[in-house]
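Okay, structure first, notes after.
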Amino acid sequence: MRINENYQKLQAGYLFPEIGRRVRAFSAENPAANLIRLGIGDVTLPLAPAIVDAIKAATDELGTDAGHRGYGPEQGYDFLVDAIREHDYKARGVDIDSDEIFVSDGSKQDSGNIQEIFSSELRIAVTDPVYPVYVDTNVMAGRTGGADDLGRYDGFIYLPATEANGFMPGPPETAADLVYLCSPNNPTGAVASRENLASWVAWAREHSAVIVFDAAYDAFIRDPVLPRSIYEIDGARECAIEMRSFSKRAGFTGVRCAYTVVPKALIGTTPSGEEIALRDLWSRRHATKFNSVPYPIQRGAEAVFSPEGKRQTSVQVDYYMANAANLRAELAAAGITVFAGEHAPYIWIRTPEGETSWDFFDRLLHEAHVVCTPGSGFGASGEGYARISAFNSRKNVDEAIQRIGRAVGG
Ligand SMILES: *Cc1c(COP(=O)(O)O)cnc(C)c1O
């Protein structure tokens, strides 16, 4: 049996397994150490009561003759699609039609699956560092060659996210067909300005390129002037696909609900020049390969938009963002160079002169008993940086700040 050899090109799922290995080795040698984990991008607060109540009530409903439901509509129930249109878009002056919204079980899946509707010969641009899903799914699909020593695949256009560009690169000089953007960004915690997104939209329209815009962290944006959706930029409906998730904004990482928007104005072409709406291709893919999100979970997602749900989830987002603000202020006061974390639950810190991302990770683990994520694990340009997550209890974050300050401040 021949396998899909593209999988052989993948870098051995290096980052998180390697972190796990080092943490286990440390814990085995230091069983009494009280580790604080600020490495993972996962929520820590319990599901908000309004959401729990909605999921329970919907589950009870399914257990009755009148309330039984089988397969749901593939694009999602109207009650959820309408709530999304109203609260995530209309409230910010953006009109999205119901049939442009596709409810799914996660933005990880959606951002990994979207490449299926495009030609195998696309030129793809990604930021560096990058959320690895965008890259690996295109490697699996055969759109690249092998990787070099720095983990860069032949065939991709890498756009370095650096201090000079505020970790939000603008469009490349060259053409590309598809670009993945994530704002607020994982891993760097940076956020795209309106000008940055406008330059991307202008570039995409000029080159007939498509932008895949991952807004999984939109709820963490504090400044109301910053765009939460790429559709707040004129012309984006003709060039952008947007993904949002309930995972980070409402604690759904273990519950699973998200959605993707594919505007009908987004047009692709066949080799003979025939124009095809990308929305129709995604609809076909979605209906063929997916049977929608469980009814009680969609009711739980709907509850995120109720007055209590909004209030309860915004208290949770505020809680994480207060952690982020403390991390920023206190680590800077300890002499550490910190970036971002103002509109995202991640702080990006520059490792001390001469120290690699992994050296820094080891020192933090051994001297502060704190787990971070080495920036180099997200791409070559992440070398010399580390990601600190604000997803933890206030007590743990405050304790971690003290320990990091003592271990590496100066
Ligand atoms: C957490 C995260 C998501 C959300 O993924 P889900 O599958 O919806 O949980 C998407 N994109 C990025 C960059 C993320 O960090």
Side-chain angles (χ1 to χ4, degrees), residues 13 15-16 19 37-45 47 51 76 80 84 88 101-115 126-138 159 161 167-169 179-192 211-221 228-230 240-261 286 289-290 292-294 297-298 300-301 304 313 316-317 320-321 324 340-341 343-348 372-373 375 377-379 382 387-392:
L15 179 59
F16 289 98
I19 291 173
R37 293 166 199 272
L38 301 181
I40 41 162
D42 196 357
V43 296
T44 52
L45 292 170
L47 212 53
I51 299 167
L80 178 55
I84 290 167
D88 277 354
I101 297 173
F102 296 82
V103 172
S104 79
D105 59 349
S107 288
K108 184 185 202 178
Q109 292 87 312
D110 289 350
S111 64
N113 291 332
I114 194 73
Q115 46 79 26
V126 289
T127 62
D128 169 21
V130 66
Y131 181 58
V133 176
Y134 315 149
V135 171
D136 288 2
T137 52
N138 279 293
L159 309 168
F167 303 101
M168 270 296 158
V179 61
Y180 292 84
L181 299 178
C182 176
S183 173
N185 192 263
N186 178 11
T188 68
V191 68
I211 298 168
V212 173
F213 189 70
D214 182 346
Y217 296 93
D218 73 289
F220 294 81
I221 293 177
R228 286 194 171 203
S229 163
I230 196 161
I241 292 171
E242 179 163 286
M243 294 168 185
R244 295 212 206 175
S245 173
F246 295 94
S247 282
K248 314 297 167 31
R249 76 194 273 184
F252 270 54
T253 54
V255 177
R256 312 307 301 148
C257 196
Y259 65 86
T260 287
V261 177
H286 202 68
K289 298 195 177 185
F290 188 60
S292 200
V293 174
I297 303 307
Q298 292 194 55
V304 172
T313 54
Q316 298 187 332
V317 168
Y320 296 128
M321 290 310 289
H343 306 285
Y346 301 118
I347 312 291
W348 193 239
C372 69
T373 314
F378 296 102
R387 187 189 77 178
I388 306 255
S389 164
F391 288 127
N392 214 309

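All ligand and atom numbering here is 1-based and tracks the order in the structure. Since this is a predicted model, take the numbers as computed values, not measurements. Worth knowing before you read on, the calculation uses all heavy atoms, side chains too, and leaves out hydrogens, waters and symmetry mates.
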Against heavy atoms of [X], which atoms of ligand 1 measure under 4.0 Å?
X	value
C182	13 (C)
D214	10 (C), 11 (N), 12 (C), 13 (C)
Q109	7 (O)
K108	5 (O), 6 (P), 7 (O)

query: Any idea which heavy atoms bring F213 and S229 closest together, and the distance?
result: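 Closest heavy-atom pair between F213 and S229: CE2-C, 4.4 Å.
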
For the 3.5 Å polar cut-off, considering only N or O atoms, please tell me whether [X] and ligand 1 meet it.
X	answer
N186	yes
Y217	yes
T253	no
S107	yes

message: Counting only heavy atoms, tell me which of S247, G254, G41, P184 gets closest to atom 9 (O) of ligand 1.
response: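 Nearest heavy atom to atom 9 (O) of ligand 1 lies in S247.
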
task: Could you check which of R249, M243, K248, R256 puts a non-hydrogen atom nearest to atom 3 (C) of ligand 1?
output: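 Checking each option, the heavy atom nearest atom 3 (C) of ligand 1 is found in K248.
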
query: To the nearest 0.5 Å, what is the distance between OG1 (T188) and CZ (F378)?
result: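 Output value for this atom pair is 10.0 Å.
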
From Q109 atom CD to M243 atom CE, the distance as rounded to the nearest 0.5 Å: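 Here the rounded value is 10.5 Å.
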
query: What residue among T44, I40, V43 forms side chain to side chain contact (heavy atoms under 4.5 Å, CB included) with T253?
result: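 Exactly one pass, corresponding to V43.
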
task: Answer yes or no: is there a side-chain heavy-atom contact under 4.5 Å between P129 and W348?
output: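 Of all side-chain heavy-atom pairs linking W348 with P129, at least one is under 4.5 Å.
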
Close side-chain approach of V255 to I51, heavy-atom, < 4.5 Å: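 No, side chains not in contact.
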
- prompt: Given that the side chain starts at C-beta and the backbone is N, CA, C, O, which of these parts of F246 lies under 4.0 Å from ligand 1, counting heavy atoms, or is it both or neither?
  reply: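 No part of F246 is near ligand 1 at this cut-off.
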
Proximity of Y217 and Y346 rings by center, below 6.0 Å: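 That pair passes the under 6.0 Å test.
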
- request: Indicate yes or no for a side-chain donor-acceptor contact from R387 to the backbone of G39 under 3.5 Å, with no hydrogens or angles considered.
  value: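 The answer is yes, because a donor-acceptor pair under 3.5 Å joins these two groups.
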
